[in-house]
Protein chains: 2
Amino acid sequence: MSTSGPYHHGDLRPALLRAAGQLLEKQGLAALSLRETARRAGVSHNAPYRHFPDRGSLLAALATAGFAALGTAMQEAAAHGGLRAMGEAYVRFALERPQRFRLMFGGALPIAKHAALRESATRVFEGLAQALAPQLAGPAGRDASIAAWALVHGLSQLLLDERIASSALRGRERDEMVRAVLGSIRFAAAKPQTPA
Amino acid sequence: MSTSGPYHHGDLRPALLRAAGQLLEKQGLAALSLRETARRAGVSHNAPYRHFPDRGSLLAALATAGFAALGTAMQEAAAHGGLRAMGEAYVRFALERPQRFRLMFGGALPIAKHAALRESATRVFEGLAQALAPQLAGPAGRDASIAAWALVHGLSQLLLDERIASSALRGRERDEMVRAVLGSIRFAAAKPQTPA
DNA sequence: CCTGTTATGTTGACAATGACAACATTATCC
DNA sequence: GGATAATGTTGTCATTGTCAACATAACAGG
């Protein structure tokens, strides 16, 4: 073999995650095999097992990274545009990385088995709840927070599945339509001005 | 082989769907293999190919049946309890058949490839839109309809993934909590009384 | 009836995959 | 510098989806 690099890759774990991430986004979860990722990283078919005990663990690591990215995207958006922007960032993330989003929420991986995954996900949701807190306090407010989250999450899912007919756009840009949909509801327990 | 029944099963297609449905709910989508379903139906590993061109088509058929079931569940609920009950039926369906629901919305199957699937899904959503129409008319109302659907769908997903901490129940039954969450929002464009 | 055509199942392959075991090479630390 | 652990490799296996070739049953027209 002419193409035999150094015996030790030196930085394999991140390389595998990169390769797997590309495979995921381009071919979908079903086409993401351990062996193909190994090939793309230029190592033997069994090398990944030194870094991930099984396929599920690789996927869990991908999902964990996804939650981290979603979290920072939302924080950045919140800093500039407030709550509104936060929700829009959530939807945008889903539409820009559809396969990753599905992996994160599709239930394909046993969350209980992967502590790091669960934690990174929880962090994101806590950030959302905190941002909502000022407007929605008290017991009823907490239910409303869940509703807000569900709304944003559900809209992401439906757009992702292309389940919202293009006629619903009615000539608007997609982002504009998202804004309108998110703005079309009011929270019963809201404190002062018009939230959303 | 002593256990060799008649050469022709006689009713294989539905039998396969039954077996596959059980496998799906009990073991999850990943464990649903064509060969295992064939085994459970008592036929050879290739018999399913006389009824489904490939694995994806079997899954599509399962999803199609799922949409049909969801549709009737929602219609029944609507007949008795109105809009509220409709939304609750949606959530209940998701929680009672988690794997089926995930199959229907997880994006694991290429919707474009399966016309029957797309149609049965569309029927369900049209039913929902129609039920919403009286309360939410006009352009703004249509955005609100999408919001309502997204809310119900997102809540289902989050509950399914066990992403809503049990502390959010605050002592209530789950159904009660669902009611409260769905009831915590108002539609900006609503016509008369308090919708939900 | 019985015969040929079609629907439905079966057997037998093949390549790809996840996983395990045994072995090889390099890093690290006393 | 030599033991020991970390990291990669080769070899192997059972399972799976799918294709091709064959077998059996249902059924139609004479």
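Below, chains carry the letters A, B, ... as their sequence lines are ordered, and counting in each starts from 1. What you see is a predicted model; the values in this text were computed from it and never measured.
At a threshold of 4.0 angstrom between heavy atoms, the contacts of B:G42 with the nucleic acid are absent. Nucleic acid contact class of A:G56 (heavy atoms, under 4.0 Å, all strands): none.
The line from NE2 of A:H9 to CG of A:D11 is 6.5 Å long, rounded to the nearest 0.5 Å. The distance from atom OH of A:Y90 to atom CG of A:L182, rounded to the nearest 0.5 Å, is 12.0 Å. Expressed to the nearest 0.5 Å, how far CZ of A:R100 lies from CG of A:L62 amounts to 5.0 Å. Here the CD atom belonging to A:Q75 is positioned 9.0 Å from the CG atom belonging to A:L128, to the nearest 0.5 angstrom.
Close to D:dT18, at under 4.0 Å from its OP1 or OP2, lies a side-chain N or O of B:Y49. Not one side-chain nitrogen or oxygen of A:R50 sits closer than 4.0 Å to the OP1 or OP2 atom of D:dA6. Look at B:H51 and you'll find a side-chain N or O under 4.0 angstrom from OP1 or OP2 of C:dG9. Listed pair A:R55 / C:dA16 fails the phosphate criterion, with no side-chain N or O lying under 4.0 Å from OP1 or OP2.
Distances from the side chain of A:S44 to the nucleotides D:dA20, C:dG9, D:dT10 place D:dT10 closest. Residue B:R39 places its side chain closer to D:dT16 than to any other of D:dT9, D:dA20, D:dT16.
Atom CZ in B:F52 sits about 11 Å away from atom P in C:dG9, given to the nearest Å. Atoms CG (B:L23) and P (D:dT15) sit 15 Å apart, rounded to a whole Å. Atoms CG (B:N46) and P (C:dC14) sit 15 Å apart, rounded to a whole Å. Going from atom CG of B:D11 over to atom C1' of C:dA7 covers 15 Å, rounded to whole Å.
Not less than 6.0 angstrom separates the ring centroid of A:F105 from the ring centroid of B:F105.
Heavy-atom nearest nucleotides on DNA chain C were determined for A:D54 and for B:L12, and the one closer to the 5' end corresponds to B:L12. Each of B:E36 and A:R13 was assigned the nucleotide of DNA chain D with the nearest heavy atom; the assignment lying further toward the 5' end belongs to A:R13.
Ionic pairing of A:R39 and A:E36 is present here: one or more N-O contacts between side-chain nitrogen and carboxylate oxygen are shorter than 4.0 angstrom. A salt bridge links A:E88 with A:R179: at least one charged nitrogen is closer than 4.0 Å to a carboxylate oxygen.
Between the side chain of A:H45 and the base of D:dG11, at least one donor-acceptor pair of N or O atoms lies under 3.5 Å.
Against DNA chain D, the stretch residues 25-35 of chain B makes heavy-atom approaches under 4.0 Å through B:S33, B:L34, B:R35.
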